[in-house]
Amino acid sequence: MEKAWGGRFQEATDKRVEKFTESISFDSRLADCDITGSQAHARMLAKVGLISEAERDQIVEELEKIRGEIQRGEMEFREDLEDIHMHIESRLTERLGDVGRKLHTGRSRNDQVSTDLKLYVREAIDHVDSLLLEVQRAFVEKAATDKEIVLPGYTHLQRAMPVLASHYWLAYCEKFERDRQRLADCRRRVNVSPLGAAALAGTSLPIDRQETAKLLGFGDVARNSLDVSSDRDFLAEFVFDLSLIAAHLSSWAEEWIIWFSTEFGFLKLPDAFTTGSSIMPQKRNPDVLELIRGKSARVMASVTQVMILLKGLPMAYNRDLQEDKIAMFDALDTVVACLELAAPLVRGAELQVERINEKLDDGFLDATALMEYLIKKGVPMRTGHGTVGKLVALCESRKCRLSDLSLEELREACELIDEDVSSVLGTRNANAALVSFGSGGAAPVNEQIAWWQSRML
Ligand code: ARG
């Protein structure tokens, strides 16, 4: 097989070099985008008169056949043809002869690979976005069903203040919402056409870059050909966005692993999503959650991989860039796999309300509510803080709760305390007292649920 760039070479390429430099083993995933990009390029070439309309039709049609062949797994991939671009072009030339040899007019593999990547990432963004939406939907459904359940809210993994379970679920929705916004923002920069920047300097041929951009649904055309040839910022951004999604999934998984432990016992996970032990018959392990946590490492590593790949490159294209796809595909596949499991896991999990309620009044979750009660009676905040701190210490020494103290004992600590104090003591009362915008009490949480439900329609 004669190489597309073989003209100036006298010796055949060393087999070891072919093996070392090939990218077909991973970039065959770009086939669909490559064909779509090439069809748009051919249409543009005909429009500006660089090929005839008949040639255009032949090229577009034959490319469509090649698309089918690749989809059906009928194309044999070979190291000596390097990459997906060469495979498709050489098959085209094999079939169409000189007409096929015209396709690469006014373009280089440098703008071609960037175009393919951008088309691929654009689709990937839309796919990840739809999976994130599905996870959000699962959390919103849970929020709507769990709105009577009060949970201990934690900071430092220490009991802090009581929140409705729905508040927890919707907190994850917020994180995934920011992830979706970040992807949408990244998509704007992805959606700028590199095609026609050619190798690095553009071309003397009368190509129409606006036309290919329009045909491929790009929102704009990249202004500087040198920049296009070297630019993988969009890819770095995309893998970062993926890694933040992975971080969110990982800390959610971590929380549920803790909640699923015998010590907590807050959560029941569906059998179909847990695994057993080969030696300990009683075990039910949250392996899926552990792997969601574990796999986040590779997604985060991909950011480092891309950044290090980029940091030492002179303008413009350098072959190092070929490695970008390995990092991106792995990060993408990993996040997609995690998100696909996250939604059914959320839907299948059940809070163990009895167990949660058993200990709900432990840990002074109502201490802050009592302090705020004092503030409402006119006590300066810091004074109230000190007063309640002393009452907590008293309860600890007696192994009792704030609500177990008599009115006299409470009044000894602060004479402004009245009988109405009973309305803020106890975890449920303390939760019901939360009214500020965005807080974990019933009214603000119901507002949040309604907001999310209207968004999820
Ligand atoms: N396989 C190459 C890549 O992924 C395509 C671009 C090759 N360009 C070149 N000038 N050798 O980056």
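Start at 1 and go down the list; that is how both ligands and their atoms are numbered. Here the structure is a predicted model, which means the values were calculated and not measured.
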Leu351 and Ala165: which non-hydrogen atoms are nearest, and at how many Å?
CD1-CB, 3.6 Å

Identify the protein heavy atom lying closest to atom 11 (N) of ligand 1, giving its residue, its atom name and the separation to 0.1 Å.
Arg109 NH2, 3.6 Å

In this structure, atom 8 (N) of ligand 1 is nearest to the protein heavy atom Asn110 OD1, 3.0 Å

Check the side chains of Thr21 and Glu18 for a donor-acceptor pair under 3.5 angstrom, ignoring hydrogens and angles.
no

Are Trp256 and Trp169 close enough that their ring centres sit under 6.0 Å apart?
yes

Run the ring-ring contact (aromatic ring centres under 6.0 Å, His included) test against Tyr154 and tell me which residues pass, sequence neighbours left out.
Phe264

Any idea which atoms of ligand 1 are less than 4.0 Å away from a heavy-atom of Gln322?
1 (N), 2 (C), 3 (C), 4 (O), 12 (O)

Within 4.0 Å of some non-hydrogen atom of Ser23, the atoms of ligand 1 are 1 (N)

Quick note, ring pair (Phe, Tyr, Trp, His ring centres under 6.0 Å) partners involving residues 303-355, not counting sequence neighbours, are Tyr120-Phe329

Protein heavy atom at shortest distance from atom 12 (O) of ligand 1
Tyr317 OH, 2.5 Å

Looking only at N/O atoms, are His85 and ligand 1 under 3.5 Å apart anywhere?
no

I want to know if ligand 1 touches Asp83 in the polar sense, i.e. an N/O pair below 3.5 angstrom.
yes

Looking only at the side chains, is there a donor atom on one of Arg293 and Ser250 sitting less than 3.5 Å from an acceptor on the other?
no

Quick look: Lys325 vs ligand 1, heavy-atom contacts under 4.0 Å, and the answer is side chain

